[in-house]
Amino acid sequence: MQPNEHYRDILKEHLEFRKIQNTRYSLRAFARDLEIAPSNLSEILRGKQGISPQKAIQIASTLKLNKQESEYFTNLVMAHDARSKKDRNIAQRNLEKIKIFSEKKQLQEDTFKLISDWYYYAILELITTSDFKSNHKWIAKTLGLTTLEVDEAFARLLRLKLIKKTGGQYISTGIQLDTTHGVPSLSIKKFCQQILNKAMKSITDQSVDERELSTLTVAIHSEDLPVLKKKIQEFRNEFDRLIAKKLENKKANKVYCLSMQFFNLMENKND
DNA sequence: CGAGAGCGTTCAGTACATAC
DNA sequence: GTATGTACTGAACGCTCTCG
């Protein structure tokens, strides 16, 4: 029995994340950070080569995985690449144990991983608009995606039962996703970075009439931070309710994104 | 426009663990 | 003990990009 996930995908995800942070980041740079040869990494990612248990531990360490993630990663490697059948079986059994132990957390993480790209939410909203067409080419063009991305997205959304197809038309099931709150997972970070990139693009691509970008730079006291964060959440909820009220007697015809950032501008984050 | 740097990839060779 | 498979290394290739 094969593990559900391949360690190769974990490595690819980390590389992709670093590339988002730094567009000049490369496979070679990643290999340098992991302290392995670029040729080695290239072949690992292309599935032409495996990883030894020693390397797996070293990579988990350099990726700064926590104890559970590290254990999961090394067992994934062992389950695939251990030389002896005995070691592969042991690793496989360990993976089952880890899976049962963290089943709920894993489910939430897996769910968010599937929708960690910005366009999943955008597609779900686009479906509710008046001009929506259940045509992958039209959807791809509307959101600036490739048809392959749209194909994959709809396959996942159908699997997650977030949408259904009746009479050749996509319909939202209205099911809300319970994504992990406050968990600094790679998926959530990736989602936020993609949205920020979209916001940056809107500065040059969209007219002032189409968008609203505003910034407030302000000095605060750190003990007020929880109250201020709560206020932002309240505004977001109020904004959402207002939109819902406005759409009581008409259908939406645009998909917009409201993204708020409130963050520390000081390089030294210690008080 | 040429030089140099960096990129991803392939390939030959080596070392070592496992299977028989 | 030997054959086999494979992780790993380093050299090299062709390509792109940047800089002077």
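A, B, ... follow the sequence lines: proteins, then strands. Residue 1 opens every chain.
- A salt bridge does not link A/Glu71 to A/Lys67: none of the charged side-chain nitrogens sits closer than 4.0 Å to a carboxylate oxygen.
- At least one side-chain nitrogen or oxygen of A/Lys48 sits closer than 4.0 Å to the OP1 or OP2 atom of B/dT10.
- Taking atom CG of residue A/Leu41 and atom P of nucleotide B/dG6, one finds them 18 Å apart after rounding to whole Å.
- Within the structure, every side-chain polar atom (N or O) of A/Ser39 is placed at least 4.0 Å from both OP1 and OP2 of C/dC8.
- Applying the 3.5 Å distance criterion, the base of B/dG6 shares no donor-acceptor pair with the side chain of A/Arg28.
- Summarising the geometry, the separation between CE on A/Met78 and P on C/dA7 is reported as 13 Å, rounded to the nearest angstrom.
- Rounded to an integer number of Å, the gap from A/Gln58 CD to C/dT9 P is 9 Å.
- Atom P of nucleotide B/dG8 and atom CD of A/Gln49 are separated by 16 Å, given to the nearest angstrom.
- The environment of NZ in A/Lys251 is crowded: more than 12 heavy-atom neighbours from other residues, nucleotides or ligands sit within 6.0 Å.
- The A/Arg32 side chain lies nearest to B/dC7 when the options are C/dC8, C/dT9, B/dC7.
- Note: CZ (A/Arg88) to C1' (C/dG5) measures 11 Å, nearest angstrom.
- With A/Ser70 contributing its side chain and A/Ala60 its backbone, the two residues share no donor-acceptor pair below 3.5 Å.
- Side-chain nitrogen and oxygen atoms of A/Ser42 include at least one within less than 4.0 Å of the OP1 or OP2 phosphate oxygen of B/dT9.
- When rounded to the nearest whole Å, the span between CD of A/Glu35 and C1' of C/dA7 equals 17 Å.
- Nearest nucleotide to the A/Asn40 side chain, out of B/dT10, B/dT9, C/dT9: C/dT9.
- Below 30°, between 30° and 60°, or above 60°: for A/Phe132 and A/Trp138 the angle between ring planes is above 60°, a perpendicular geometry.
- Residue A/Asp81 places its side chain closer to C/dA7 than to any other of C/dA7, B/dC7, B/dC11.
- Rounding to whole angstrom units, CD of residue A/Glu43 and P of B/dA12 are separated by 12 Å.
- In the hydrophobic clustering of ILVMFWY residues, with side-chain heavy atoms under 4.5 Å counting as a link, A/Phe239 and A/Met260 come out together.
- One atom, NZ of A/Lys86, and another, P of B/dA17, lie 16 Å apart when rounded to the nearest Å.
- Closest to the A/Arg46 side chain, of the nucleotides B/dT10, C/dC8, B/dG8, is B/dT10.
- Here A/Ile51 lies in heavy-atom contact (under 4.0 Å) with sugar-phosphate atoms only.
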